[in-house]
Amino acid sequence: MTDPVFFPRVAQPTLAELAALVGVALPAGEAGDLRIGGAGPLETAGPADIAYMDNPRYGDALVATRAGACFVSQRFAPRVPASAVALVTPEPYRAFARALAYLFPSAARPQSAFGAVGISPGAFVHASARLEPGVVVDPGAVVGPEAEIGSGTIIGANAVIGPQTRIGRDVSIAPNVSVLHALLGNRVILHGGVRIGQDGFGFAMGPGGHAKVPQIGRVIIQDDVEIGANTTVDRGASRDTVIGEGSKIDNLVQIGHNVVIGRHCVIVAQVGISGSVTIEDFVVLGGQVGVIGHVTIGAGAQIAATSNVATDVPAGERWGGTPAKPVREWFREVTSLKNLAARQDPRDKTKGRA
């Protein structure tokens, strides 16, 4: 059995060419004529590979690496072995990402699982839908009436694009995604199983039963948003659910109706955001954060993993805990409880009793 190549290399640049592309200077006296044929971690990269290091935990791996070249910060440059070229940059990880995108462009976004060009046999595209040249539609995908899809976009197998949905250019929609009642910008990436534009969870509750509230809003996803596998984004109830430009959302996130997420936010896996929450620009939500409805999280705020946000969070602050509060206050509470528990003698079962 042959070893599959899931992400073929499309170029083999010289080190000088790659450094120029990434915007990193070669060391003095380095010709840069080494051909870069791949990339890998410090431990397994070979003489024709590029690697990176930006974490002190990997100092020993850096010293022992066999990589041909390595992106490092100035702090770690002296530890690069003589057999490797040190490419010094203040952002090694970002430089490595740019190098990977150049060497392996197909890894940057979901591709056609069928290797298709144009509309595949077995795809269902309504006669009134409008597709620009260069759109790929894989087998089993459905494109509804009056939908519009921009050039360079890939619609994966068994994806569903609803009636009148608008999708921009160079968008990647992976298999088994549904996009309904939505407007998508350019270069959006939706990974497998994402659900966009289904009903929000809206009911008028009462002792006689719960009356369903029709959800008549939309979902608007701006340019360069990426949404991870099996995340759900509900459409608005009476206004739109919005995800701002450049925001990155991990797998298994729930975004309720009427939520507005600003630009360049980062939302990690298993976050739940209740309806009508406002999240301003550059906010970071750690994994499993819960946010109750109708609160605002200010620009640049960071919420620690597993926290529950029940009140507005001012811009630029770092909060954590349940309920979430400023981290210094949270740490004081945790330390006080720890000290209280340490003072309790486990052999004296009468302590703490009334």
### Message
So does Gly38 get a backbone contact from the side chain of Arg9, meaning a donor-acceptor N/O pair under 3.5 Å?
### Response
no
## Note on the structure
d(His191 NE2, Ser172 OG) to nearest 0.5 Å is 8.5 Å
### Query
Checking side chain to side chain contact (heavy atoms under 4.5 Å, CB included) for the pair Thr306/Thr322: CA distance, chi angles, key distance, verdict?
CA-CA 8 Å; Thr306 73; Thr322 300; 5.9 Å; no
### Message
Are Ile297 and Thr278 packed together at the side-chain level, in the sense that at least one heavy-atom pair is separated by less than 4.5 angstrom?
### Response
no
### Query
Can you check whether Pro163 reaches Glu146 side chain to side chain, under 4.5 Å on heavy atoms?
no
### Message
Quick check: closest heavy atoms across Phe71 and Ile50, and the distance to 0.1 Å?
### Response
CE1-CG1, 3.5 Å
### Query
Does atom CG of Asn55 have more than 12 heavy-atom neighbours from other groups under 6.0 Å away?
yes
#### Entry: Expected output: side-chain Gln302 to main-chain Gly300 donor-acceptor under 3.5 Å
no
### Query
Below 4.0 angstrom, N of the basic side chain to O of the carboxylate: do Lys212 and Asp199 qualify?
yes
## Note on the structure
CZ of Phe7 to CD of Gln111, rounded to nearest 0.5 Å, is 9.0 Å
### Cluster overlap Leu184 with Val219, hydrophobic side-chain contacts below 4.5 Å
yes
### Task
Spell out, yes or no, whether Phe96 and Val22 are grouped together once hydrophobic residues are joined by side-chain heavy atoms under 4.5 Å, including indirect joins.
yes
### Query
Is there a donor-acceptor pair closer than 3.5 Å between any side-chain N or O of Arg166 and the backbone N or O of Gln164?
yes
### Minimum side-chain heavy-atom gap Pro56-Phe76 below 4.5 Å
yes
### Query
What pair of heavy atoms forms the shortest contact from Gly156 to Ala141, and how long is it?
O-CB, 3.5 Å
### Query
Would Val194 and Val271 show up in the same hydrophobic cluster when neighbours are defined by side-chain heavy atoms closer than 4.5 Å?
yes
### Query
About how many Å separate CG of Leu340 and OG1 of Thr335, when rounded to the nearest 0.5 Å?
12.5 Å
### Task
Quick one: do Glu17 and Gln12 satisfy side chain to side chain contact (heavy atoms under 4.5 Å, CB included)? Show the steps, please.
CA-CA 10 Å; Glu17 291 168 342; Gln12 193 172 5; over 6 Å; no
### Query
Within the side chain of Thr153, is there an N or O that forms a donor-acceptor pair under 3.5 Å with the backbone of Val171?
yes
### Task
Report yes or no: does Ser247 contribute a side-chain atom to a donor-acceptor pair with the main-chain N or O of His264 at less than 3.5 Å?
yes
### Task
Taking the side chain as every heavy atom from C-beta outward, state whether Glu317 and Pro326 have any pair of such atoms under 4.5 Å apart.
yes
### Task
Using atom types as modelled and distance alone, determine if a side-chain donor or acceptor of Ser151 lies under 3.5 Å from a backbone N or O of Glu132.
no
### Message
For the CG atom of Asn186 and the CD atom of Glu245, what is their distance to the nearest 0.5 Å?
### Response
10.5 Å
### Query
In Å, rounded to the nearest 0.5 Å, how long is the span from CZ of Arg98 to CG of Leu18?
10.0 Å
### Task
Compare all side-chain heavy atoms of Ile161 with those of Val142 and state whether any distance is below 4.5 angstrom.
no
#### Entry: Residues Glu333, Lys325: salt bridge by 4.0 Å N-O rule
yes
### Query
Using a distance-only test with no angle check, is there a side-chain donor-acceptor pair under 3.5 angstrom linking Thr14 and Asp33?
no
### Message
I'd like to know if Asp224 pairs up with Arg187 as an ion pair, taking the criterion as any Lys NZ or Arg NE/NH1/NH2 lying under 4.0 Å from an Asp or Glu carboxylate oxygen.
### Response
yes
### Query
Where do Ala16 and Ala31 come nearest, in terms of heavy atoms and distance?
CB-O, 4.1 Å
### Query
Can Val225 and Ile243 be said to form a side chain to side chain contact (heavy atoms under 4.5 Å, CB included), step by step?
CA-CA 8 Å; Val225 169; Ile243 301 178; 3.8 Å; yes
### Message
Within this structure, what is the OG1-CD1 distance for the pair Thr232 and Ile227, rounded to the nearest 0.5 Å?
### Response
10.0 Å
### Sidechain-backbone polar pair: Thr65 side chain, Ala61 backbone, donor-acceptor under 3.5 Å
no
### Within-4.5 Å side-chain heavy-atom neighbours: Ile221 and Leu183
no
### Task
Determine whether Leu15 and Tyr52 fall in the same hydrophobic cluster, where Ile, Leu, Val, Met, Phe, Trp and Tyr are linked whenever their side-chain heavy atoms lie under 4.5 Å apart.
yes
### Summary
Here the pair of heavy atoms bringing Gly37 nearest to Asp49 is C-OD1, 4.3 Å
### Message
I'd like to know if the side chain of Thr241 and the backbone of Gly236 have a donor-acceptor N/O pair within less than 3.5 Å.
### Response
yes
### Query
When you look at CZ of Arg318, are more than 12 heavy atoms from neighbouring residues, nucleotides or ligands closer to it than 6.0 Å?
no
### Task
Taking all heavy atoms of Ile267 and all of Ile261, pick out the closest pair and write down the distance.
CD1-CD1, 3.7 Å
### Task
Look at the side-chain heavy atoms of Ile, Leu, Val, Met, Phe, Trp and Tyr, link any pair under 4.5 Å apart, and say whether Ile220 and Ile167 land in one connected group.
no
### Query
Is Tyr58 close to Glu43 at the side-chain level, that is, under 4.5 Å between some pair of heavy atoms?
yes
### Query
Asp240 side chain to Val242 main-chain N or O, any donor-acceptor pair under 3.5 Å?
no
### Message
Quick one, Ile149 and Val143 - any side-chain contact, counting heavy atoms below 4.5 Å?
### Response
yes
### Summary
Per side-chain hydrogen bond (donor to acceptor under 3.5 Å, both in side chains), Asp234 is matched among His181, Gln254, His257 by Gln254
### Taking every non-hydrogen atom, the tightest pair across Ala116 and Ser112
N-OG, 2.9 Å
### Task
Give a yes or no answer on whether the side chain of Asp223 reaches the backbone of Gly185 with a donor-acceptor pair at less than 3.5 Å.
no
### Query
Hey, are Gln270 and Asp250 close enough side-chain-wise for a donor-acceptor pair under 3.5 Å?
no
#### Entry: Val289 and Trp319: CA distance, side-chain angles, deciding distance, side chain to side chain contact (heavy atoms under 4.5 Å, CB included) verdict
CA-CA 11 Å; Val289 164; Trp319 282 32; over 6 Å; no
### Query
Would the number of heavy atoms belonging to other residues, nucleotides or ligands and lying under 6.0 Å from CZ of Phe203 be above 12?
yes
